[in-house]
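Every chain is numbered from 1 and lettered A, B, ... according to where its sequence line falls, protein lines coming before strand lines.
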Amino acid sequence: MKLATWNVNSLKVRLPQVLQWLSDNPVDVLCLQETKLTDDKFPVAEIEAAGYQVVFSGQKTYNGVAILSKLPITDVVKNNPRYEDAQQRILAATIDGVRVVCAYVPNGQSVDSDKYAYKLGWLAALHEWLAEQALLHSNLAVVGDYNIAPDDRDVHDPVAWAGQVLVSDQERAALTRLIDLGLQDAFRLFEQAEKSFSWWDYRQLGFRLNKGLRIDHILLSAPLATRCTACVIDRAPRKWEQPSDHAPVIATIV
DNA sequence: ATGGCTCGTGTAACGAGA
């Protein structure tokens, strides 16, 4: 199975790029974040015409997640059943014996904001739910935009970013607690180039200067991690016209 | 020091993202 995740920053704007990318990279499963579409506006026909089944959970203006799959999708769960949340950020489904959780973790805005407290509470509730899911599903993949750079090597300028949102100790500790449920960061199972990032600011030539962060992750349970033979970030679509600020991350599971 | 760019909303700036 080839399993990918991509924050598309509006599926309305990015649908042509998603279809082009799937044509170039016919992955089995693609998890999307920040679709920014209510369910009645989701482009089901276009995605099905490309050979994918799709499930989605969206809202107006913000957030929104979707799972595209070549193989049948079953047991769909929208949102974390342990956390009342008006924001549509989680979608889980079973595909080919793998429990796939597509997550759009809150950004947090800044460490002194209410949104940061929401982010930490949201992550604590995610941990509570995933602890149960990990017991229920040996093949568990938790993928998406985590809005957390796990380590200083995932940050273009760790000194400038020190203590800020996306890299703060509390956020990193929350990510570590998720990993301690028995998950592994697929990207770090393999040798990777230095300064490998998955997001670059639209401003200040962020991509051209490779001023980025690695905040999009594929976490795999041990049985899946042992079957994982590659994990790469595809920078290609970030070079296209009118790109998302995030690049897709792809794991190959044999 | 600030904002820089790109979205959606809604049709003008503004909030949000990261």
Side-chain angles (χ1 to χ4, degrees), chain A residues 5-18 21 31-43 56-66 85-90 102-123 126 143-175 187 195-217 233 235 237-249:
Chain A
T5 179
W6 193 7
N7 179 324
V8 290
N9 183 16
S10 168
L11 185 57
K12 182 183 172 187
V13 172
R14 228 67 65 192
L15 178 62
Q17 297 195 22
V18 170
W21 189 81
C31 294
L32 302 179
Q33 302 86 38
E34 280 206 270
T35 56
K36 299 187 177 179
L37 290 172
T38 50
D39 290 352
D40 59 302
K41 298 210 169 92
F42 198 91
F56 42 89
S57 176
Q59 68 184 91
K60 193 178 164 106
T61 311
Y62 301 118
N63 309 313
V65 281
D85 194 357
Q87 304 188 21
Q88 304 305 304
R89 296 179 173 278
I90 286 184
C102 173
Y104 175 44
V105 176
N107 170 280
Q109 199 163 65
S110 64
V111 294
D112 56 359
S113 75
D114 293 344
K115 290 173 184 165
Y116 183 77
Y118 165 66
K119 180 178 194 173
L120 294 179
W122 192 96
L123 284 163
L126 178 64
V143 315
D145 178 359
Y146 282 76
N147 270 317
I148 301 171
D151 197 89
D152 278 354
R153 64 189 159 157
D154 303 310
V155 181
H156 71 92
D157 186 345
V159 173
W161 276 87
Q164 305 218 43
V165 74
L166 311 187
V167 310
S168 74
D169 289 346
Q170 286 188 88
E171 291 164 87
R172 285 177 167 173
L175 179 58
F187 191 74
K195 301 189 184 298
S196 290
F197 306 125
S198 68
W199 168 87
W200 303 262
D201 202 308
Y202 283 125
R203 298 167 292 187
Q204 290 185 299
L205 304 172
F207 181 67
R208 200 186 300 181
L209 300 175
N210 198 30
K211 290 182 171 179
L213 303 173
R214 192 176 70 91
I215 55 176
D216 300 271
H217 308 302
I233 297 169
R235 296 162 55 100
R238 191 62 176 77
K239 302 171 188 169
W240 296 347
E241 285 276 319
Q242 202 177 11
S244 168
D245 43 356
H246 295 253
V249 185

Across the strands shown, which category fits A:Tyr104 at heavy-atom distances under 4.0 angstrom: base, sugar-phosphate, nothing? sugar-phosphate
Nearest to the side chain of A:Glu34, which nucleotide is it out of B:dC7, B:dA16, B:dA18? B:dA18
Can you tell me which residue among A:Glu171, A:Arg172, A:Gln170, A:Gln164 is in a side chain to side chain donor-acceptor pair (under 3.5 Å) with A:Ser168? A:Glu171
Looking at side-chain heavy atoms only, is the closest gap between A:Gln33 and A:Thr5 below 4.5 Å? yes
May I ask you to say what A:Asn63 touches in the nucleic acid, namely base, sugar-phosphate or nothing, with a heavy-atom cut-off under 4.0 Å? nothing
Checking side chain to side chain donor-acceptor pair (under 3.5 Å) against A:Asn63, which of A:Lys36, A:Arg89, A:Gln88 comes through? A:Arg89
How far does the C1' atom of B:dC7 sit from the matching atom of B:dA12, given to the nearest Å? 16 Å
Just to be sure I understand the rule, does A:Asp145 reach a base, reach only the sugar-phosphate, or reach nothing, if contact means heavy atoms closer than 4.0 Å? sugar-phosphate
Looking across every strand, which nucleic acid part, if any, lies under 4.0 Å from A:Asn147 by heavy atom: base, sugar-phosphate, or nothing? sugar-phosphate
Using atom P in both nucleotides, what's the gap between B:dG15 and B:dG10 to the nearest angstrom? 15 Å
By nearest atom, which of the nucleotides B:dA16, B:dG8, B:dA18 is closest to the A:Asp245 side chain? B:dA18
Rounded to the nearest angstrom, tell me the gap between atom CG in A:Asn7 and atom P in B:dA16. 17 Å
Report the residue (A:Arg203 or A:Val105) whose heavy-atom-nearest nucleotide on DNA chain B is the more 5′ of the two. A:Arg203
Nearest whole angstrom, please: distance from the P of B:dG15 to the CG of A:Asn107. 16 Å
On the 0 to 90° scale, with breaks at 30° and 60°, tag the A:Trp200-A:Phe207 ring pair as parallel, tilted or perpendicular. perpendicular
Just by distance, no angles: are the side chains of A:Gln87 and A:Tyr62 close enough, under 3.5 Å, to form a donor-acceptor pair? no
In whole angstroms, the gap separating P of B:dA18 from CH2 of A:Trp6 amounts to 15 Å
Any base atoms under 4.0 Å from A:Gln242, or only sugar-phosphate, or nothing? Heavy atoms, all strands. sugar-phosphate
Over how many whole Å does the gap from A:Asp112 atom CG to B:dA18 atom P extend? 18 Å
In whole angstroms, how far is the P atom of B:dA16 from the CH2 atom of A:Trp199? 17 Å
Residue mapping more 5' on DNA chain B - nearest nucleotide basis, A:Leu11 or A:Pro106: A:Leu11
Distance check: side-chain N/O of A:Lys115 vs OP1/OP2 of B:dA16, anything under 4.0 Å? yes
Whole-Å distance separating the CD atom of A:Glu171 from the P atom of B:dA18: 12 Å
B:dC5 phosphate, OP1 or OP2: any side-chain N/O from A:Asn9 under 4.0 angstrom? no
For atom P, what is the distance between B:dG8 and B:dG3, given to the nearest Å? 23 Å
For the pair A:Trp6 and A:Trp21, name the ring-plane relationship: parallel under 30°, tilted 30 to 60°, perpendicular over 60°. tilted
Select base, sugar-phosphate, or nothing to describe what A:Val165 touches, counting heavy atoms under 4.0 Å on all strands. nothing
Which nucleotide in the list B:dA16, B:dT9, B:dC7 gets nearest to the side chain of A:Tyr62? B:dA16
I need the CG-C1' distance between A:Leu166 and B:dG17, as an integer number of Å. 10 Å
Quote, to the nearest angstrom, the P distance that separates B:dA18 from B:dC14. 22 Å
Whole-Å distance between B:dA18 P and A:Arg214 CZ? 16 Å
Tell me whether the side-chain N/O atoms of A:Tyr202 come closer than 4.0 Å to OP1 or OP2 in B:dA16. no
